[in-house]
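Order of the sequence lines fixes the chain letters, A, B, ..., with proteins taken first and strands second; residue numbering starts at 1 for each chain.
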Protein chains: 2
Amino acid sequence: MSVGREQLMAAAIQHLNEDPTASMAQLAEAAGISRATLHRHFSGREELMVALGHRALERWDAVQRAAGVQSAVASAEPAELRGALGALLSGLIEVADDYGFGLTDHAMAVNPELLRHSDELEEREIALFTAAQRAGLLRADLPARWLSGTVFGLLVAVREGLRRGDIARRDVPRLLLETFLYGAAAGPRATTSPETAAPPGTSGAPPQPPATNTERQEPL
Amino acid sequence: MSVGREQLMAAAIQHLNEDPTASMAQLAEAAGISRATLHRHFSGREELMVALGHRALERWDAVQRAAGVQSAVASAEPAELRGALGALLSGLIEVADDYGFGLTDHAMAVNPELLRHSDELEEREIALFTAAQRAGLLRADLPARWLSGTVFGLLVAVREGLRRGDIARRDVPRLLLETFLYGAAAGPRATTSPETAAPPGTSGAPPQPPATNTERQEPL
DNA sequence: CTCGTCTGCGACAGAAGTGTCTCAGACGAT
DNA sequence: ATCGTCTGAGACACTTCTGTCGCAGACGAG
């Protein structure tokens with residue numbers, strides 16, 4: 001047994017991230033094994049895809065557990081919800097980066113098993129958003145389900161940005177969090193590190209209208 | 001000539017939105033023509049895909065022109081930039097809805113022609129974001145390129161939300177605009193229609209801390 | 001009516017991927 | 001050394017999609 005099932009799936013995912021249309025032969029070669037051996041692990045392409053999907057969903061699940069989503073929702077404490085939200089988003093970045101192709105791959109959106117599994121995780125996430133809305137951390141005038149979709153879309157944007165080299169890996173958590181929470185509009189807001197609010201960009205100081213300077217609540 | 005080339009592509013796209021893996025035979029059937037006739041219009045699948053891609057990019061281009069992106073950037077006037085941003089996002093919703101599959105289809109991300117075309121449009125959009133940052137409409141502490149990616153990601157979220165029936169079509173412009181500009185965090189902000197700020201959801205009034213009530217600048 | 005054009009239909013070969021099978025060899029355990 | 005297990009290589013049949021071709025029929029223009 002040269003390569004285990006785990007390393008096999010890891011190699012497959014890594015290769016699928018570069019070419020989502022890779023054939024079984026290419027995936028076998030990427031894993032350094034023969035096509036026959038690949039079929040000894042997974043009876044067919046379908047089974048491999050489902051296995052990869054579940055692997056990704058289990059990591060998503062692990063992120064939710066590590067973030068303490070369940071207990072935060074149960075407690076309804078703003079502090080706990082705040083922490084769970086931050087940990088969740090941070091953790092999801094890595095998952096989206098590792099399993100990038102799965103975010104938008106058609107095979108994942110068709111299989112009933114995977115759909116049920118991901119729906120379950122999504123509902124848990126929506127429950128967190130709903131609780132955060134009740135606690136006054138997140139806006140209540142946007143459906144929690146849409147907020148969940150927003151996170152998904154932003155993770156796609158993160159994946160693309162990293163793939164194309166548009167954004168630096170170390171900036172991703174800040175970009176994701178800032179964009180998701182406060183959006184792109186200019187205006188007074190309290191960030192986690194105010195000194196990074198104005199990077200030394202080429203643009204001079206924006207002729208910003210002197211809006212009433214106030215403190216904004218800092219949910220995360 | 002029963003069906004023109006335009007209607008043919010429209011039918012193809014509509015069908016591809018439901019099943020991105022549809023074969024040429026399925027696309028021909030969806031358009032109500034034979035497979036041979038489809039090949040008389042497009043020499044192969046590759047050519048069809050490129051044509052569909054360009055069609056989508058031309059609509060994107062049209063949205064940019066209708067929004068007056070170029071002149072707004074040239075003028076650097078906050079009022080013009082504000083209008084261009086709003087018109088751009090509103091227009092992109094329809095494009096993303098009609099050409100949904102193209103947002104994440106692999107064939108689109110591979111063809112050099114389409115890449116050059118979309119890069120050109122994207123650069124124009126980034127120029128608008130940059131100008132809006134200089135005018136104080138958008139945050140300057142987030143890269144304009146990331147803001148462009150954010151819009152892309154949110155459009156993917158819109159597509160998915162509509163496909164799954166999570167969100168109502170009439171709510172989409174508000175959801176997209178509000179989320180992109182102000183994010184998901186709770187806090188004092190001036191929306192375009194304050195009376196819609198608190199929908200009659202099941203959740204009671206959130207125990208929101210009485211943050212200092214202030215007016216926020218309203219970029220769009 | 002007749003001609004030219006366009007269309008659908010069926011057939012064809014080729015390409016690519018998939019799943020299965022056999023066989024020989026490597027390798028470790030005993 | 002031998003046995004059992006696992007592996008890679010190759011061959012095979014099967015499916016699906018693709019691209020091309022010829023032919024017959026519909027249909028409008030003249």
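Rounded to whole angstrom, the span from the CD atom of A:Glu29 across to the C1' atom of D:dG10 amounts to 16 Å. What separates CZ of B:Arg5 from P of C:dT7 is a distance of 13 Å, to the nearest Å. Distance, A:Leu8 CG to D:dC6 P: 15 Å, rounded to whole Å. For A:Ile33 and D:dA9, the CD1 to P distance is 11 Å, given to the nearest whole Å.
Heavy atoms from other residues, nucleotides or ligands lying under 6.0 Å from CD of B:Glu29 number 12 at most. Counted within 6.0 Å of CD on A:Glu123, heavy atoms from surrounding residues, nucleotides or ligands total more than 12; the atom is thus considered enclosed. For B:Gln14, the CD atom is loosely surrounded, since the number of other residues' heavy atoms within 6.0 Å does not exceed 12.
By the 4.0 Å N-to-carboxylate-O rule, A:Glu18 lies too far from A:Arg163 to be salt-bridged with it. Remark: B:Glu120 engages B:Arg124 in a salt bridge, criterion side-chain N to carboxylate O under 4.0 Å.
By the salt bridge (Lys or Arg N to Asp or Glu O under 4.0 Å) test, B:Arg55 pairs with B:Glu6, sequence neighbours left out.
The closest donor-acceptor contact from the side chain of A:Glu47 to the backbone of A:Phe42 lies at 3.5 Å or more, if one exists at all.
At a cut-off of 3.5 Å, with distance as the only test, a side-chain donor of B:Arg159 or B:Thr104 sits close to an acceptor on the other residue.
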What does the list of N/O pairs under 3.5 Å between the protein and nucleotides 24-27 of chain D look like, with a distance for each?
none

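The phosphate of D:dG8 (OP1 or OP2) has a side-chain N or O of A:Thr37 nearer than 4.0 angstrom.
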Task: Contact pattern, 5' to 3', of nucleotides 17-23 of chain D - B, S or - by protein heavy atom under 4.0 Å - done: SBBB-B-
